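Keep in mind that what you see is a predicted model, and the values were worked out from it rather than measured.
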Amino acid sequence: MSVTIVMSVCMMLGLFLLLLGGVGYIQDKKFFSSAPREVLNVVPETKAMRFAGQHILGWIIISLAVVLMIAAVIIEGYYGVINESSFLQQFLRFMLMFLGLKAFDIGFFDWFLLCNAGLNFFPHFYPETKPVLNRQLFGYNWKTHLLHVICIIPFSALLAWICLLF
């Protein structure tokens with residue numbers, strides 16, 4: 001269980017690094033594709049680079065984030081294989097990881113960073129977003145979150161089944 005919790009935290013860190021790399025360093029509007037319409041309307045298409053190599057640093061951060069998240073899934077699967085976990089045990093571990101990641105996405109990204117301008121994250125990189133960030137934005141993408149939660153079930157089952165093959 002402790003491995004699952006640690007791997008869940010690694011997944012959360014990876015998700016945050018994805019956001020930081022895309023929003024903070026690459027600064028392309030395509031990284032705001034899931035943002036509320038109010039935010040999309042005030043975000044410029046591109047921003048001037050603050051320092052040389054900013055975009056390269058952003059892509060490096062994103063690459064590391066993807067590797068971290070994939071590694072977390074592989075380590076979790078490997079842990080289940082070496083401990084001869086049953087399908088149900090492995091399925092529940094993957095479910096816990098991905099549902100924890102989704103809860104982090106909703107609670108930290110949507111509620112704290114976006115709707116409450118926590119840590120002044122978005123306004124730090126995009127000052128024009130400060131006036132539109134408010135609590136009324138929370139829940140703007142509930143259908144997408146629900147779809148993700150539904151997709152987590154078969155995806156976790158698929159990963160658990162793959163682990164049983166080893």
Show the nearest heavy-atom pair for residues [X] and [Y], with the distance to one decimal.
X	Y	answer
G14	L68	N-CD2, 3.7 Å
G80	Q90	CA-OE1, 3.2 Å
I150	P154	O-CD, 3.0 Å
H145	D105	CE1-OD2, 3.3 Å
M69	L15	SD-N, 3.7 Å
P131	E128	CD-O, 3.4 Å

Problem set entry | Atom OH of Y78: over 12 foreign heavy atoms under 6.0 Å |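 No, the 6.0 Å shell around OH holds no more than 12 heavy atoms from other groups.
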For this session: For atom CZ of F166, decide whether the heavy atoms of other residues, nucleotides or ligands shown that lie under 6.0 angstrom number more than 12.
Result: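 Open: at most 12 neighbouring heavy atoms sit under 6.0 Å from CZ of F166.
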Count I, L, V, M, F, W, Y as connected when their side-chain heavy atoms are under 4.5 Å apart, and connections chain through other members. Are [X] and [Y] then in the same cluster?
X	Y	value
L64	L20	no
L146	I106	no
V73	I82	no
F112	M12	yes
L147	L101	no

Exercise. Is R50 positioned over the aromatic face of Y25, cation under 6.0 angstrom from the ring centre and no more than 45 degrees off axis?
Worked result: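 Output yes; distance and angle both within limits.
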Once rounded to the nearest 0.5 Å, what's the spacing between atom [atom1] of [X] and atom [atom2] of [Y]?
X	Y	atom1	atom2	answer
I75	M97	CD1	CE	9.0 Å
S156	L99	OG	CG	7.0 Å
L158	F94	CG	CZ	9.5 Å
F104	F109	CZ	CZ	5.0 Å
L164	L159	CG	CG	11.5 Å
I74	M7	CD1	CE	11.5 Å

Do [X] and [Y] have side chains that get closer than 4.5 Å, going by heavy atoms?
X	Y	value
V23	F121	yes
L113	L19	yes
I62	L17	no
Y79	S85	no

Exercise. Tell me, which pairs form a side chain to side chain donor-acceptor pair (under 3.5 Å) where one or both residues lie in residues 51-65, sequence neighbours left out?
Worked result: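 Qualifying pairs, neighbours excluded: Q27-Q54.
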For this session: Output all residues satisfying ring pair (Phe, Tyr, Trp, His ring centres under 6.0 Å) with F98, sequence neighbours left out; order by chain, then residue number.
Result: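 Ring pair (Phe, Tyr, Trp, His ring centres under 6.0 Å) check on F98 returns F155.
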For this session: Apply side-chain contact (heavy atoms from CB on, under 4.5 Å) to the pair S86 and F91, showing each step before the final yes or no.
Result: CA-CA 8 Å; S86 68; F91 171 73; over 6 Å; no
Problem set entry | Residues that, via side-chain heavy atoms closer than 4.5 angstrom, fall in one hydrophobic cluster with V67 |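 For V67, no cluster forms, as it stays isolated from other hydrophobic side chains.
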